[in-house]
Number of protein chains: 2
Amino acid sequence: MATQSSTLVKPLGKQRILEAAIAYADEHGVEMLTMRKIADKLGCGVMSLYNHVANKEEMLVGMVDIVAGEIELPQVNDDWKGSLRASAANAHKVLLRHKWAPAQWSLRMPGPARIRYMDAILQVLTEAGLEPKLVYSGYHAVTMHIIGFTLQEIGYLQVLDADFDELANEFLKELSGDFPYMAEHVRAHLNEDCCGSDEFGFVLDLILEGLERIDH
Amino acid sequence: MATQSSTLVKPLGKQRILEAAIAYADEHGVEMLTMRKIADKLGCGVMSLYNHVANKEEMLVGMVDIVAGEIELPQVNDDWKGSLRASAANAHKVLLRHKWAPAQWSLRMPGPARIRYMDAILQVLTEAGLEPKLVYSGYHAVTMHIIGFTLQEIGYLQVLDADFDELANEFLKELSGDFPYMAEHVRAHLNEDCCGSDEFGFVLDLILEGLERIDH
DNA sequence: ACCTGAACACCGTTCAAGT
DNA sequence: ACCTGAACACCGTTCAAGT
């Protein structure tokens, strides 16, 4: 009855594969992502995937590029700092939806959406009138912050829910003796006041305002 | 002749395993690292490794911690910015020796050497007299920069030697049309002047001097 | 206490065959 | 043009057996 020609069977296609892969990685982490698992999820054989994707590496590149495409591009207006701040905050939100992405971001070839995104950031810095050297360094500083800060945050979140009990009990006590500053920092993390404040934005402003000041 | 009791056969031990694993990852990348490859390198059976290491995850944690131990701790003196700058520069150098490390750093449980390192950075910031909120944020900013910047740099280096021809030829030409700012940035990267300048230190100073200024 | 081979339940990917 | 099962060369890890 439900033959292959049935309209109920959606065609495969690269887009549908990447979306399934992203959904799986969002839920289970990228280290659990498997060609076979994606195939199962899509209800097809493993090898069918290879009609639309050269290999797993290309798939990961495609996945990262879709995430890059979800980020709102910074607007080109007279408030370059505000524009970058808004876009970075959005990127931060998107990356926290796809916790596997930051670790993949820097290490893989950029796809078209990511190149588009990089270009937009550079355009804002250039159009702001910053001198070339500051456009160059400012770009590195801003993108490093978006990926690096979020990666660190995700790492912290993962360590947290991996073993919160050991951390809060044995860990913090043993820490206090040998590493008092570390213990104090962990205590600050566990406090509500610190989590409430916009750490991501605060550090980004350190960078943006530093750039503006140097540029006279 | 060469029996098991021969003194020529070094005992295994966790340290020797981790060193072999690090040497292999330095040379071939962490994605090529395999329990079997380490065993081959050490001239023992795969399962012998499991007498000293619980599993691959614990091995990676141990590898990262050895790298953390190679970093010179920042000194506690009256020049907190200079002290952090020197330590960060050293960390940068160490991480470039172990290009697989930055991607592992944030995502895995910190070992004792890394905790010692984190504590030292926090101590310098605290002893500098910065207010608690700035110690908290400054720590995140500095560590994010060390790992994030280096990770981005390593990604760039890998993309570079992966296909430098495609990049310089087809890539840059196609880029110039749709993404002029990106093309300009790539051109700046390929110029000698930019690589000569200490980008890592420049962006770090943006952060350190920002912290000092806010602290009045 | 330390070592180890065989075996298990997986991987990504090639290949040859189907429609 | 698209799909697919069987097969291959690997993985990490368990287990039972050795010393």
Problem set entry | From A:Ser176 atom OG to A:Met182 atom CE, the distance as rounded to the nearest 0.5 Å | 11.0 Å

Exercise. Which of parallel (below 30°), tilted (30 to 60°) and perpendicular (above 60°) describes B:Tyr136 and B:His140?
Worked result: perpendicular

Problem set entry | Short side-chain N/O contact from B:His52 to OP1 or OP2 of C:dC3, under 4.0 Å | yes

For this session: Find which nucleotide of DNA chain D each of A:Cys44 and B:Ala54 is nearest to by heavy atoms, and output the residue with the more 5' nucleotide.
Result: A:Cys44

Exercise. Rounded to the nearest 0.5 Å, how far apart are CG of B:Leu60 and CG of B:Leu18?
Worked result: 9.5 Å

Exercise. Parallel, tilted or perpendicular: which fits the ring planes of B:Phe200 and B:His145, with parallel below 30° and perpendicular above 60°?
Worked result: tilted

Problem set entry | N or O in side chain of B:Lys37 less than 4.0 angstrom from D:dC10 OP1/OP2 | no

Seminar exercise, completed: Atom CE of B:Met35 and atom C1' of C:dC11 are separated, to the nearest Å, by 17 Å

Exercise. In terms of side-chain heavy atoms of B:Met47, which of C:dT13, D:dT13, D:dG12 is nearest?
Worked result: D:dT13

Seminar exercise, completed: Dot-bracket assigned to DNA chain C with the 3.5 Å Watson-Crick/G-U criterion, [ ] for crossing and | for other-strand pairs, is ||.|||||...|||||.||

Exercise. Reckon B:Ser48 touches a base, only the sugar-phosphate, or nothing at all at heavy-atom distances under 4.0 Å?
Worked result: base

Problem set entry | Side chain of A:Thr34 - closest among D:dT4, C:dG12, D:dG12 | C:dG12

Problem set entry | Mutual orientation of the aromatic rings belonging to A:His189 and A:His185 [parallel < 30°, tilted 30-60°, perpendicular > 60°] | perpendicular

For this session: Send over the distance from A:Lys14 NZ to D:dC2 C1', rounded to a whole Å.
Result: 17 Å

For this session: Grab the CD-P distance between A:Glu31 and D:dG12 for me, whole Å please.
Result: 15 Å

Exercise. In whole Å, what is the span from the CG atom of A:Leu49 to the C1' atom of C:dT14?
Worked result: 15 Å

Exercise. Starting at CE of B:Met32 and ending at C1' of D:dC10, how long is that distance when rounded to a whole Å?
Worked result: 11 Å

Problem set entry | d(CD1, B:Ile17; P, C:dC2) in whole Å | 11 Å

Problem set entry | side-chain N/O A:Lys56 vs C:dC11 OP1/OP2, d < 4.0 Å | no

For this session: Specify the separation, in whole Å, of atom OH of A:Tyr50 and atom P of C:dG12.
Result: 6 Å

Problem set entry | A:Arg108 with A:Glu58: basic N within carboxylate O range, under 4.0 Å | no

For this session: Please report, rounded to the nearest Å, how far the C1' atom of C:dG12 is from the CD1 atom of A:Ile38.
Result: 11 Å

Problem set entry | Residue closer to the 5' end of DNA chain C, B:Asn51 versus A:Leu33 (nearest nucleotide) | B:Asn51

For this session: Can you label the angle between the B:Trp105 ring and the B:Tyr117 ring as parallel, tilted or perpendicular, going by 30° and 60°?
Result: perpendicular

Seminar exercise, completed: Among D:dC3, C:dG12, C:dT4, the one nearest any side-chain atom of A:Leu12 is D:dC3

